[in-house]
Amino acid sequence: MMKTEIRSGSFTEEEITSCILYTKKRWGVRLPKDLKLILDKNPDGSIEVTYDPPINRSVYRSTDYLVNSVDKLNAAKQAEYMEKQINNV
């Protein structure tokens with residue numbers, strides 16, 4: 001179950017629901033089960049959403065497989081990843 005924490009400002013139920021729906025749509029199955037949304041409202045009315053624990057946004061592409069953690073790859077793909085020279089962009 002996703003929890004919400006309001007750090008600053010006041011939020012309507014609609015605003016909180018829209019933040020939750022946006023998060024589910026954006027991150028889908030990659031969300032941790034114990035995710036907490038931290039909501040901050042800026043003086044200009046914009047909303048900042050942070051996550052606890054932070055969502056891992058890194059993606060590794062190995063022969064047409066997109067995964068967010070190398071641990072999900074089989075042993076052969078992990079070996080390929082370890083041998084690969086990674087370039088910093």
Side-chain angles (χ1 to χ4, degrees):
M1 181 78 190
M2 195 179 306
K3 298 178 183 177
T4 58
E5 176 184 325
I6 297 174
R7 292 237 172 115
S8 63
S10 61
F11 289 82
T12 64
E13 287 295 321
E14 273 184 32
E15 290 174 319
I16 294 171
T17 303
S18 69
C19 290
I20 292 170
L21 291 175
Y22 170 79
T23 300
K24 287 181 177 180
K25 182 180 176 185
R26 169 105 170 128
W27 300 106
V29 296
R30 295 181 282 171
L31 292 174
K33 293 183 187 209
D34 59 343
L35 183 68
K36 180 171 39 170
L37 269 69
I38 302 167
L39 306 174
D40 291 309
K41 191 172 272 188
N42 296 324
D44 64 356
S46 63
I47 298 172
E48 283 186 38
V49 180
T50 53
Y51 306 102
D52 183 32
I55 296 175
N56 183 2
R57 298 175 186 212
S58 63
V59 174
Y60 169 66
R61 185 180 186 108
S62 171
T63 62
D64 297 328
Y65 294 104
L66 289 174
V67 294
N68 59 353
S69 173
V70 179
D71 298 333
K72 294 181 180 179
L73 299 174
N74 63 27
K77 293 294 178 193
Q78 286 183 6
E80 176 186 328
Y81 176 77
M82 297 308 249
E83 294 170 359
K84 191 175 191 175
Q85 182 178 7
I86 298 175
N87 298 315
N88 292 331
V89 177

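Side-chain atoms are counted along with the backbone in the values below, which use heavy atoms only and exclude waters and symmetry mates. Keep in mind it's a predicted model, so treat the numbers as computed, not measured.
To the nearest 0.5 Å, atoms CZ (F11) and OG1 (T4) are separated by 9.5 Å. With rounding to the nearest 0.5 Å, the separation of CD in E5 from OG1 in T50 is 8.0 Å. L37 CG to I16 CD1: the interatomic distance, rounded to the nearest 0.5 Å, is 10.0 Å. Atoms CD1 and CG, from I6 and D40 in turn, are 10.0 Å apart once rounded to the nearest 0.5 Å.
When every heavy atom of I47 is checked against every heavy atom of C19, the shortest pair comes out as CG2-SG, 4.0 Å. The nearest pair of heavy atoms linking P53 to L35 is O-CD1, 3.6 Å.
Between Y51 and I38, the closest side-chain pair of non-hydrogen atoms is not below 4.5 Å.
Partners of E15 by side-chain hydrogen bond (donor to acceptor under 3.5 Å, both in side chains), not counting sequence neighbours, listed by chain and number: K41.
Side-chain atoms of D44 come within 3.5 Å of backbone atoms of S46 as a donor-acceptor pair (strictly under, hydrogens ignored).
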